Amino acid sequence: MNITVINGPNLNLLGTRQPEVYGTLTLEQIEERIDGWAGRMGVTVRPLQSNDESELVDMIQEAGRSSDALVINAGGFTHTSVAIADAVASIDRPVAEVHLSDIHRREPYRQVSLIEPNAVVQIAGRGATGYRDAMRHLLNRGVMPFETIRYGPHPRNIGDVRRAPESGRLVVLVHGGY
Ligand code: CA2
């Protein structure tokens with residue numbers, strides 16, 4: 001499987017300011033992690049970033065032609081861009097929407113995503129690991145549906161529990177806090 005990972009406006013500034021909201025990793029470091037996770041999953045990734053709305057539309061259309069799936073953090077355009085939402089809706093490939101921060105616990109204008117209706121999943125508030133979970137979701141989608149459960153108040157106190165299709169039983173191994 002090959003997955004295009006698109007990051008939108010201002011994500012190139014990660015690691016420079018607002019670490020309490022977006023973490024301390026730079027985009028380059030996040031992309032290195034994505035590459036490592038993808039390698040372990042047997043997935044090929046193509047990371048892209050742009051601050052330009054029309055370039056992002058072109059990237060999404062191109063991913064629709066040349067990739068099996070798309071992971072997108074459209075940054076601030078998530079909440080405002082009908083053009084990007086339309087591009088996501090136009091492609092015939094599964095799209096996973098990612099946000100480093102938990103947009104649902106932030107300002108009201110960030111709580112609305114125009115992309116969400118056409119994404120197969122929205123993952124927010126898990127920091128960089130959200131990209132890993134998005135790729136995992138795209139890889140396992142349809143094979144093993146998952147349910148996200150919360151075990152604490154912090155947005156990252158979550159786990160995705162998958163149930164193998166032929167199994168009537170679910171075993172959850174709790175360790176290291178989860
Ligand atoms: O939580 C996310 O991943 C966001 O998509 C990040 C966007 C924000 O506009 C969305 O509402 C949520 C912003 C990304 C980066 O912003 C920075 C600004 C200054 C310094 C570092 C990062």
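Bear in mind the structure is a predicted one, so any value in this text is a computation, not a measurement. Note that ligands are numbered from 1 as they come in the structure, with each ligand's atoms numbered from 1 the same way. For the single chain, residues carry numbers from 1 onward in sequence order.
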Side chain to side chain contact (heavy atoms under 4.5 Å, CB included) between Thr78 and Leu114, worked out: CA-CA 6 Å; Thr78 304; Leu114 303 185; over 6 Å; no
With heavy atoms of [X] as the reference, note each atom of ligand 1 found under 4.0 Å away.
{"X": "Leu100", "result": "1 (O), 2 (C), 3 (O)"}
{"X": "Arg17", "result": "20 (C), 21 (C)"}
{"X": "Leu11", "result": "14 (C)"}

Is atom CZ of Arg17 surrounded by more than 12 heavy atoms (other residues, nucleotides or ligands) closer than 6.0 Å? no
So does Glu28 have more than 12 non-hydrogen atoms from other groups sitting under 6.0 Å from CD? no
Would you check the N or O atoms of [X], main chain and side chain alike, for any that come under 3.5 Å of an N or O of ligand 1?
{"X": "Pro9", "result": "no"}
{"X": "Asn73", "result": "yes"}
{"X": "His79", "result": "yes"}
{"X": "Arg106", "result": "no"}

Side-chain contact, heavy-atom cut-off 4.5 Å: [X] with [Y]?
{"X": "Ile3", "Y": "Arg46", "result": "no"}
{"X": "Ile103", "Y": "His79", "result": "yes"}
{"X": "His99", "Y": "Ile123", "result": "no"}

Can Asn118 and Val95 be said to form a side chain to side chain contact (heavy atoms under 4.5 Å, CB included), step by step? CA-CA 7 Å; Asn118 290 296; Val95 177; over 6 Å; no
Do NZ/NE/NH1/NH2 and the carboxylate oxygens of Asp133 and Arg126 come within less than 4.0 Å? yes
Protein heavy-atom partner closest to [atom] - residue, atom, separation in Å:
{"atom": "atom 1 (O) of ligand 1", "result": "Ser101 OG, 2.5 Å"}
{"atom": "atom 15 (C) of ligand 1", "result": "Asn10 O, 3.5 Å"}
{"atom": "atom 16 (O) of ligand 1", "result": "Tyr22 CE1, 3.6 Å"}
{"atom": "atom 19 (C) of ligand 1", "result": "Gln18 OE1, 3.9 Å"}

At a 4.0 Å cut-off, with the gap strictly under it, does some heavy atom of Thr78 reach an atom of ligand 1? no
Counting heavy atoms only, which of His99, Arg110, Gln111 is nearest atom 4 (C) of ligand 1?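 Among His99, Arg110, Gln111, the closest heavy atom to atom 4 (C) of ligand 1 comes from His99.
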From CA spacing to verdict: side chain to side chain contact (heavy atoms under 4.5 Å, CB included), Thr26, Leu14: CA-CA 5 Å; Thr26 63; Leu14 288 173; 5.5 Å; no
